[in-house]
Q: 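For reference, the structure I am asking about is given below.
The analysis underlying the following values was restricted to heavy atoms, covering all of them including side chains, and did not include hydrogens, waters or symmetry mates. Numbering of ligands and ligand atoms starts at 1, following listing order.
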Amino acid sequence: MKKILVTGGLGYIGSHTVLELIEQNYEVIIADDLSNSEESVLERINDVCGIKPEWYNVDLSDTNKCNDFLKNQKFDGIIHFAAFKAVGESVKNPLKYYRNNLLSLINVMSYLKTHNHCAFIFSSSCTVYGQAENLPITENSEIKTAESPYGNTKQICEEILKESSAAYDLKSIALRYFNPIGAHPSGKIGELPIGVPQNLVPFITQSAAGILGALNVYGNDYPTHDGTAIRDYIHVVDLAQAHIIALERLLNNKNASPIEIFNIGTGKGSSVLEVIKAFEKASGEKLDYKITGRREGDITSAYADTTRAKEILKWESKKTLEDALKDAWRWQKKLGQENSD
Ligand code: WQD
(Lines give C-alpha, C1' and ligand atoms only; values in the text may rest on other atoms or scores of the structure.)
Protein backbone atom coordinates (compact mmCIF):
# COMPACT_ATOMS: atom_id res chain seq x y z
CA MET A 1 0.00 0.00 0.00
CA LYS A 2 1.60 3.31 -1.04
CA LYS A 3 1.93 5.87 1.75
CA ILE A 4 0.89 9.44 1.02
CA LEU A 5 1.36 12.50 3.23
CA VAL A 6 -1.41 15.08 2.88
CA THR A 7 -0.45 18.38 4.48
CA GLY A 8 -3.51 20.48 5.33
CA GLY A 9 -5.48 17.24 5.03
CA LEU A 10 -8.18 18.38 7.46
CA GLY A 11 -8.97 21.43 5.34
CA TYR A 12 -11.64 21.82 2.67
CA ILE A 13 -9.87 20.49 -0.44
CA GLY A 14 -7.46 18.41 1.63
CA SER A 15 -10.19 16.39 3.34
CA HIS A 16 -11.97 15.65 0.07
CA THR A 17 -8.64 14.51 -1.42
CA VAL A 18 -7.93 12.31 1.63
CA LEU A 19 -11.26 10.58 1.01
CA GLU A 20 -10.44 9.92 -2.63
CA LEU A 21 -6.98 8.57 -1.68
CA ILE A 22 -8.45 6.17 0.89
CA GLU A 23 -11.04 5.00 -1.61
CA GLN A 24 -8.18 4.27 -4.03
CA ASN A 25 -6.45 2.16 -1.34
CA TYR A 26 -3.65 4.52 -0.40
CA GLU A 27 -2.38 4.74 3.18
CA VAL A 28 -2.91 8.39 4.17
CA ILE A 29 -1.00 10.35 6.80
CA ILE A 30 -2.30 13.85 7.58
CA ALA A 31 -0.20 16.74 8.87
CA ASP A 32 -2.44 19.64 9.89
CA ASP A 33 -1.99 22.27 12.65
CA LEU A 34 -5.72 23.13 12.75
CA SER A 35 -4.98 26.76 11.88
CA ASN A 36 -7.79 26.65 9.30
CA SER A 37 -9.52 23.35 10.03
CA GLU A 38 -11.08 21.27 12.82
CA GLU A 39 -10.10 17.92 14.36
CA SER A 40 -13.74 16.81 13.93
CA VAL A 41 -13.02 16.41 10.19
CA LEU A 42 -11.15 13.17 11.07
CA GLU A 43 -14.40 11.66 12.39
CA ARG A 44 -16.24 12.96 9.35
CA ILE A 45 -13.77 11.21 7.07
CA ASN A 46 -14.19 8.04 9.14
CA ASP A 47 -18.00 8.36 8.83
CA VAL A 48 -17.75 8.41 5.04
CA CYS A 49 -15.12 5.73 4.39
CA GLY A 50 -14.74 3.80 7.65
CA ILE A 51 -11.07 4.70 8.01
CA LYS A 52 -9.64 7.30 10.38
CA PRO A 53 -6.28 8.40 8.94
CA GLU A 54 -3.24 8.96 11.18
CA TRP A 55 -3.02 12.66 11.98
CA TYR A 56 -0.07 14.74 13.22
CA ASN A 57 -0.76 18.18 14.65
CA VAL A 58 2.39 19.90 13.36
CA ASP A 59 3.18 23.47 12.31
CA LEU A 60 5.09 22.82 9.09
CA SER A 61 6.38 26.39 9.02
CA ASP A 62 8.40 25.55 12.17
CA THR A 63 11.58 24.09 10.70
CA ASN A 64 12.58 21.98 13.72
CA LYS A 65 9.08 20.59 14.28
CA CYS A 66 8.69 19.83 10.58
CA ASN A 67 12.08 18.09 10.37
CA ASP A 68 11.33 16.04 13.52
CA PHE A 69 8.04 14.97 11.96
CA LEU A 70 9.48 14.06 8.56
CA LYS A 71 12.80 12.51 9.53
CA ASN A 72 11.69 8.90 10.12
CA GLN A 73 8.86 8.81 7.59
CA LYS A 74 8.86 6.88 4.32
CA PHE A 75 6.40 8.56 1.95
CA ASP A 76 5.76 7.53 -1.63
CA GLY A 77 4.04 10.85 -2.27
CA ILE A 78 3.21 14.18 -0.69
CA ILE A 79 0.22 16.39 -1.53
CA HIS A 80 0.88 19.84 -0.09
CA PHE A 81 -2.25 21.85 0.73
CA ALA A 82 -1.08 23.47 3.98
CA ALA A 83 -1.22 27.24 3.42
CA PHE A 84 -3.27 30.26 4.39
CA LYS A 85 -5.60 31.26 1.55
CA ALA A 86 -7.71 34.29 2.45
CA VAL A 87 -6.93 37.05 -0.04
CA GLY A 88 -8.30 39.88 2.12
CA GLU A 89 -6.49 38.72 5.26
CA SER A 90 -3.22 38.48 3.31
CA VAL A 91 -3.49 42.17 2.42
CA LYS A 92 -3.97 43.08 6.10
CA ASN A 93 -1.25 40.71 7.38
CA PRO A 94 1.24 39.94 4.58
CA LEU A 95 4.07 38.68 6.84
CA LYS A 96 1.77 35.99 8.29
CA TYR A 97 1.21 34.76 4.73
CA TYR A 98 4.79 34.96 3.49
CA ARG A 99 6.11 33.26 6.61
CA ASN A 100 3.59 30.44 6.71
CA ASN A 101 3.09 29.71 3.03
CA LEU A 102 6.74 29.94 1.99
CA LEU A 103 8.34 28.28 5.04
CA SER A 104 5.87 25.39 5.06
CA LEU A 105 6.71 24.65 1.44
CA ILE A 106 10.47 24.98 1.96
CA ASN A 107 10.43 22.75 5.05
CA VAL A 108 8.30 20.05 3.43
CA MET A 109 10.38 20.14 0.26
CA SER A 110 13.59 19.67 2.25
CA TYR A 111 12.39 16.04 2.66
CA LEU A 112 12.42 15.67 -1.13
CA LYS A 113 16.13 16.58 -1.34
CA THR A 114 16.94 13.26 0.35
CA HIS A 115 13.90 11.37 -0.99
CA ASN A 116 13.60 12.48 -4.59
CA HIS A 117 11.68 9.35 -5.57
CA CYS A 118 8.78 10.83 -3.59
CA ALA A 119 6.03 12.30 -5.80
CA PHE A 120 5.08 15.89 -4.94
CA ILE A 121 1.80 17.63 -5.75
CA PHE A 122 1.54 21.35 -5.02
CA SER A 123 -1.75 23.16 -4.45
CA SER A 124 -1.50 26.26 -6.62
CA SER A 125 -4.18 28.66 -7.80
CA CYS A 126 -5.55 30.55 -10.79
CA THR A 127 -4.78 33.59 -8.67
CA VAL A 128 -1.26 33.49 -10.12
CA TYR A 129 -2.65 34.78 -13.43
CA GLY A 130 -4.33 37.93 -12.10
CA GLN A 131 -6.64 39.34 -14.81
CA ALA A 132 -5.48 37.45 -17.90
CA GLU A 133 -5.42 39.32 -21.24
CA ASN A 134 -6.97 36.41 -23.09
CA LEU A 135 -9.63 33.91 -22.06
CA PRO A 136 -9.83 30.99 -21.53
CA ILE A 137 -6.61 31.03 -19.51
CA THR A 138 -3.89 28.57 -20.55
CA GLU A 139 -0.89 27.45 -18.49
CA ASN A 140 1.27 29.65 -20.74
CA SER A 141 -0.80 32.75 -19.99
CA GLU A 142 1.29 35.57 -18.58
CA ILE A 143 1.89 35.47 -14.83
CA LYS A 144 1.19 39.07 -13.85
CA THR A 145 2.18 40.95 -10.73
CA ALA A 146 0.12 39.37 -8.00
CA GLU A 147 -2.94 41.30 -6.80
CA SER A 148 -2.42 40.21 -3.17
CA PRO A 149 0.25 38.80 -0.87
CA TYR A 150 -1.67 35.50 -0.98
CA GLY A 151 -1.44 35.37 -4.77
CA ASN A 152 2.24 36.37 -4.55
CA THR A 153 2.98 33.48 -2.17
CA LYS A 154 1.52 31.09 -4.77
CA GLN A 155 3.69 32.63 -7.48
CA ILE A 156 6.84 32.48 -5.31
CA CYS A 157 6.06 28.90 -4.24
CA GLU A 158 5.78 27.89 -7.89
CA GLU A 159 9.19 29.47 -8.55
CA ILE A 160 10.68 27.60 -5.59
CA LEU A 161 9.14 24.40 -6.93
CA LYS A 162 10.39 24.94 -10.48
CA GLU A 163 13.98 25.65 -9.45
CA SER A 164 14.12 22.93 -6.78
CA SER A 165 12.57 20.29 -9.06
CA ALA A 166 15.30 20.92 -11.64
CA ALA A 167 18.12 21.12 -9.09
CA TYR A 168 17.16 17.99 -7.15
CA ASP A 169 15.63 16.05 -10.08
CA LEU A 170 12.23 15.82 -8.41
CA LYS A 171 8.89 14.49 -9.66
CA SER A 172 6.40 17.31 -9.08
CA ILE A 173 3.14 18.71 -10.39
CA ALA A 174 1.53 22.08 -9.57
CA LEU A 175 -2.25 22.17 -9.95
CA ARG A 176 -3.68 25.66 -10.53
CA TYR A 177 -7.21 25.47 -9.14
CA PHE A 178 -9.92 27.77 -10.30
CA ASN A 179 -12.80 28.27 -7.85
CA PRO A 180 -13.44 25.17 -5.73
CA ILE A 181 -17.07 24.87 -4.52
CA GLY A 182 -19.51 22.27 -3.26
CA ALA A 183 -19.18 19.37 -0.84
CA HIS A 184 -19.02 15.57 -0.75
CA PRO A 185 -22.39 14.16 -1.93
CA SER A 186 -22.71 12.26 1.38
CA GLY A 187 -23.22 15.64 3.11
CA LYS A 188 -20.73 14.49 5.75
CA ILE A 189 -17.78 16.69 4.77
CA GLY A 190 -17.61 20.12 3.19
CA GLU A 191 -16.32 23.63 3.64
CA LEU A 192 -16.05 24.92 7.23
CA PRO A 193 -15.29 28.62 6.77
CA ILE A 194 -14.08 30.35 9.92
CA GLY A 195 -16.14 33.49 10.64
CA VAL A 196 -18.10 35.24 7.89
CA PRO A 197 -17.26 33.50 4.59
CA GLN A 198 -15.33 35.62 2.11
CA ASN A 199 -16.10 33.26 -0.78
CA LEU A 200 -19.33 33.42 -2.76
CA VAL A 201 -20.83 29.96 -2.36
CA PRO A 202 -20.47 29.50 1.41
CA PHE A 203 -21.90 33.00 1.85
CA ILE A 204 -24.86 32.04 -0.36
CA THR A 205 -25.59 28.84 1.58
CA GLN A 206 -25.30 30.58 4.96
CA SER A 207 -27.55 33.39 3.72
CA ALA A 208 -30.13 30.89 2.45
CA ALA A 209 -29.91 29.06 5.80
CA GLY A 210 -30.72 32.31 7.62
CA ILE A 211 -27.33 32.43 9.33
CA LEU A 212 -26.30 35.54 7.38
CA GLY A 213 -28.33 38.37 5.87
CA ALA A 214 -28.66 39.21 2.18
CA LEU A 215 -25.78 38.42 -0.15
CA ASN A 216 -23.86 41.48 -1.39
CA VAL A 217 -23.20 41.10 -5.10
CA TYR A 218 -19.91 42.92 -5.47
CA GLY A 219 -20.56 45.01 -8.55
CA ASN A 220 -22.76 44.70 -11.64
CA ASP A 221 -20.79 47.15 -13.76
CA TYR A 222 -18.19 44.71 -15.07
CA PRO A 223 -17.82 44.36 -18.86
CA THR A 224 -19.63 40.99 -18.87
CA HIS A 225 -22.95 39.80 -20.32
CA ASP A 226 -24.85 40.62 -17.13
CA GLY A 227 -22.41 43.05 -15.48
CA THR A 228 -21.33 40.66 -12.73
CA ALA A 229 -17.91 39.02 -12.50
CA ILE A 230 -17.22 35.63 -14.04
CA ARG A 231 -15.38 32.69 -12.46
CA ASP A 232 -14.79 29.00 -13.22
CA TYR A 233 -16.48 27.11 -10.38
CA ILE A 234 -15.24 23.53 -10.04
CA HIS A 235 -16.78 20.84 -7.83
CA VAL A 236 -14.38 20.01 -4.99
CA VAL A 237 -14.79 16.25 -5.66
CA ASP A 238 -13.73 16.70 -9.30
CA LEU A 239 -10.79 18.72 -7.99
CA ALA A 240 -9.86 16.01 -5.45
CA GLN A 241 -9.91 13.35 -8.16
CA ALA A 242 -7.54 15.44 -10.28
CA HIS A 243 -5.01 15.14 -7.45
CA ILE A 244 -5.15 11.35 -7.51
CA ILE A 245 -4.64 11.28 -11.28
CA ALA A 246 -1.70 13.70 -11.03
CA LEU A 247 -0.20 11.65 -8.17
CA GLU A 248 -0.44 8.42 -10.15
CA ARG A 249 1.25 10.07 -13.13
CA LEU A 250 4.26 10.72 -10.89
CA LEU A 251 4.18 7.39 -9.04
CA ASN A 252 4.25 5.67 -12.42
CA ASN A 253 7.09 7.96 -13.59
CA LYS A 254 5.01 9.22 -16.52
CA ASN A 255 5.94 12.88 -15.97
CA ALA A 256 7.66 14.54 -18.94
CA SER A 257 9.83 16.82 -16.75
CA PRO A 258 10.71 17.38 -13.08
CA ILE A 259 7.81 19.80 -12.78
CA GLU A 260 4.55 19.99 -14.73
CA ILE A 261 1.77 22.57 -14.34
CA PHE A 262 -1.95 22.05 -15.01
CA ASN A 263 -5.03 24.25 -14.83
CA ILE A 264 -7.80 22.48 -12.96
CA GLY A 265 -11.18 24.02 -13.79
CA THR A 266 -14.34 23.22 -15.73
CA GLY A 267 -13.43 25.46 -18.67
CA LYS A 268 -16.77 27.21 -18.22
CA GLY A 269 -17.29 30.70 -16.78
CA SER A 270 -20.32 31.59 -14.66
CA SER A 271 -21.30 35.07 -13.49
CA VAL A 272 -22.35 35.82 -9.93
CA LEU A 273 -25.97 36.26 -11.04
CA GLU A 274 -25.82 32.92 -12.87
CA VAL A 275 -24.54 31.24 -9.70
CA ILE A 276 -27.41 32.77 -7.72
CA LYS A 277 -29.94 31.54 -10.29
CA ALA A 278 -28.37 28.07 -10.34
CA PHE A 279 -28.44 27.95 -6.54
CA GLU A 280 -32.13 28.88 -6.44
CA LYS A 281 -32.85 26.12 -8.97
CA ALA A 282 -30.68 23.57 -7.14
CA SER A 283 -32.04 24.35 -3.66
CA GLY A 284 -35.58 25.53 -4.33
CA GLU A 285 -34.74 28.49 -2.08
CA LYS A 286 -35.18 32.14 -3.05
CA LEU A 287 -31.94 33.99 -2.34
CA ASP A 288 -32.02 37.49 -0.90
CA TYR A 289 -29.28 39.65 -2.45
CA LYS A 290 -28.43 43.24 -3.26
CA ILE A 291 -26.03 44.83 -5.70
CA THR A 292 -23.22 46.78 -4.02
CA GLY A 293 -19.91 48.27 -5.13
CA ARG A 294 -17.03 46.16 -6.44
CA ARG A 295 -14.71 44.37 -3.97
CA GLU A 296 -11.16 45.71 -4.12
CA GLY A 297 -8.78 43.39 -5.93
CA ASP A 298 -11.47 41.43 -7.77
CA ILE A 299 -10.91 40.68 -11.44
CA THR A 300 -13.59 40.73 -14.15
CA SER A 301 -13.33 37.24 -15.53
CA ALA A 302 -11.34 34.01 -15.20
CA TYR A 303 -12.01 30.57 -16.59
CA ALA A 304 -9.66 27.77 -17.55
CA ASP A 305 -8.40 26.33 -20.79
CA THR A 306 -8.38 22.69 -19.66
CA THR A 307 -6.75 21.20 -22.77
CA ARG A 308 -3.55 20.10 -21.00
CA ALA A 309 -5.39 18.38 -18.14
CA LYS A 310 -7.68 16.63 -20.63
CA GLU A 311 -4.98 15.56 -23.08
CA ILE A 312 -2.09 14.81 -20.72
CA LEU A 313 -3.73 13.90 -17.39
CA LYS A 314 -6.78 12.42 -19.12
CA TRP A 315 -8.83 14.28 -16.52
CA GLU A 316 -11.83 16.53 -16.94
CA SER A 317 -14.51 17.79 -14.60
CA LYS A 318 -17.69 15.71 -14.58
CA LYS A 319 -19.96 17.58 -12.18
CA THR A 320 -21.98 20.65 -13.06
CA LEU A 321 -22.39 23.98 -11.29
CA GLU A 322 -25.83 22.82 -10.20
CA ASP A 323 -24.43 19.54 -8.79
CA ALA A 324 -21.96 21.54 -6.73
CA LEU A 325 -24.61 23.93 -5.45
CA LYS A 326 -26.95 21.05 -4.58
CA ASP A 327 -24.12 19.37 -2.63
CA ALA A 328 -23.17 22.66 -0.94
CA TRP A 329 -26.77 23.20 0.14
CA ARG A 330 -27.10 19.60 1.46
CA TRP A 331 -23.92 20.13 3.50
CA GLN A 332 -25.18 23.46 4.88
CA LYS A 333 -28.45 21.85 5.98
CA LYS A 334 -26.56 18.94 7.62
CA LEU A 335 -24.40 21.43 9.54
CA GLY A 336 -27.57 23.16 10.68
CA GLN A 337 -29.03 19.85 11.92
CA GLU A 338 -25.80 19.03 13.79
CA ASN A 339 -25.77 22.43 15.46
CA SER A 340 -29.40 22.09 16.54
CA ASP A 341 -28.87 18.52 17.88
C1 WQD B 1 -16.14 34.85 -6.52
C2 WQD B 1 -16.98 35.96 -7.14
C3 WQD B 1 -16.72 38.09 -6.08
C4 WQD B 1 -18.46 36.97 -2.24
C5 WQD B 1 -10.84 33.36 -4.27
C6 WQD B 1 -9.37 33.43 -4.15
C7 WQD B 1 -8.75 32.39 -5.04
C8 WQD B 1 -9.32 31.05 -4.73
C9 WQD B 1 -10.85 31.05 -4.79
C10 WQD B 1 -7.69 29.99 -3.33
C11 WQD B 1 -16.23 37.28 -7.27
C12 WQD B 1 -18.13 37.56 -5.91
C13 WQD B 1 -17.97 36.93 -3.55
C14 WQD B 1 -19.60 37.75 -1.94
C15 WQD B 1 -19.74 38.40 -4.25
N16 WQD B 1 -8.88 30.60 -3.48
N17 WQD B 1 -18.62 37.63 -4.52
N18 WQD B 1 -20.21 38.44 -2.97
O19 WQD B 1 -12.22 35.94 -5.25
O20 WQD B 1 -12.71 34.52 -7.33
O21 WQD B 1 -11.19 33.64 -5.59
O22 WQD B 1 -11.28 32.08 -3.91
O23 WQD B 1 -6.92 29.71 -4.17
O24 WQD B 1 -7.38 32.44 -4.80
O25 WQD B 1 -8.99 34.70 -4.62
O26 WQD B 1 -13.59 33.80 -5.10
O27 WQD B 1 -15.71 33.22 -4.02
O28 WQD B 1 -14.39 35.21 -3.13
O29 WQD B 1 -15.56 35.39 -5.32
O30 WQD B 1 -20.30 39.04 -5.15
O31 WQD B 1 -20.07 37.83 -0.78
O32 WQD B 1 -18.09 36.21 -6.28
O33 WQD B 1 -16.73 39.48 -6.34
O34 WQD B 1 -16.66 37.90 -8.46
P35 WQD B 1 -12.44 34.61 -5.87
P36 WQD B 1 -14.83 34.39 -4.30
Q: Regarding Lys290 and Asn216, is there a side-chain donor-to-acceptor distance under 3.5 Å anywhere?
A: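 Their side chains do contain a donor-acceptor pair, which is all the 3.5 Å distance test asks for.
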Q: Answer yes or no for Arg294 and Tyr222: cation-pi contact, defined as NZ/CZ to six-membered ring centre under 6.0 Å and angle to ring axis within 45°.
A: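 Flagged: Arg294 positioned over aromatic ring of Tyr222.
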Q: Mind listing the N or O contacts between ligand 1 and protein, cut-off under 3.5 Å?
A:
from: ligand 1; atom 1: 18 (N); to: Asn216; atom 2: O; distance (Å): 2.7
from: ligand 1; atom 1: 19 (O); to: Arg295; atom 2: NH2; distance (Å): 2.9
from: ligand 1; atom 1: 20 (O); to: Asn179; atom 2: ND2; distance (Å): 3.0
from: ligand 1; atom 1: 20 (O); to: Arg231; atom 2: NE; distance (Å): 2.6
from: ligand 1; atom 1: 22 (O); to: Asn199; atom 2: ND2; distance (Å): 3.1
from: ligand 1; atom 1: 23 (O); to: Ser125; atom 2: OG; distance (Å): 3.1
from: ligand 1; atom 1: 23 (O); to: Tyr150; atom 2: OH; distance (Å): 2.6
from: ligand 1; atom 1: 24 (O); to: Ser125; atom 2: OG; distance (Å): 3.4
from: ligand 1; atom 1: 24 (O); to: Thr127; atom 2: OG1; distance (Å): 2.4
from: ligand 1; atom 1: 26 (O); to: Asn179; atom 2: ND2; distance (Å): 3.1
from: ligand 1; atom 1: 27 (O); to: Asn199; atom 2: ND2; distance (Å): 3.3
from: ligand 1; atom 1: 27 (O); to: Leu200; atom 2: N; distance (Å): 2.8
from: ligand 1; atom 1: 28 (O); to: Gln198; atom 2: O; distance (Å): 3.4
from: ligand 1; atom 1: 28 (O); to: Asn199; atom 2: ND2; distance (Å): 3.1
from: ligand 1; atom 1: 28 (O); to: Arg295; atom 2: NH1; distance (Å): 3.4
from: ligand 1; atom 1: 28 (O); to: Arg295; atom 2: NH2; distance (Å): 2.8
from: ligand 1; atom 1: 29 (O); to: Arg295; atom 2: NH2; distance (Å): 3.3
from: ligand 1; atom 1: 30 (O); to: Asn216; atom 2: O; distance (Å): 3.4
from: ligand 1; atom 1: 30 (O); to: Tyr218; atom 2: N; distance (Å): 2.9
from: ligand 1; atom 1: 33 (O); to: Asp298; atom 2: OD2; distance (Å): 2.5

Q: Looking at Tyr26, I'd like to know if the NZ or CZ of Lys3 sits under 6.0 Å from its six-membered ring centre while staying within 45 degrees of the ring's axis.
A: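 Cation-pi check for Lys3 and Tyr26: fails.
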Q: Would you say Lys65 has more than 12 foreign heavy atoms packed within less than 6.0 Å of its NZ?
A: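 No, the 6.0 Å shell around NZ holds no more than 12 heavy atoms from other groups.
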Q: Check the orientation of His115 and Tyr111. Use parallel for under 30°, tilted for 30 to 60°, and perpendicular for over 60°.
A: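 Ring orientation, 0 to 90° scale: parallel.
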Q: Just do the ring-ring contact (aromatic ring centres under 6.0 Å, His included) check on Tyr177 and His243 with the steps written out, would you?
A: CA-CA 11 Å; Tyr177 313 154; His243 287 76; 5.3 Å; yes
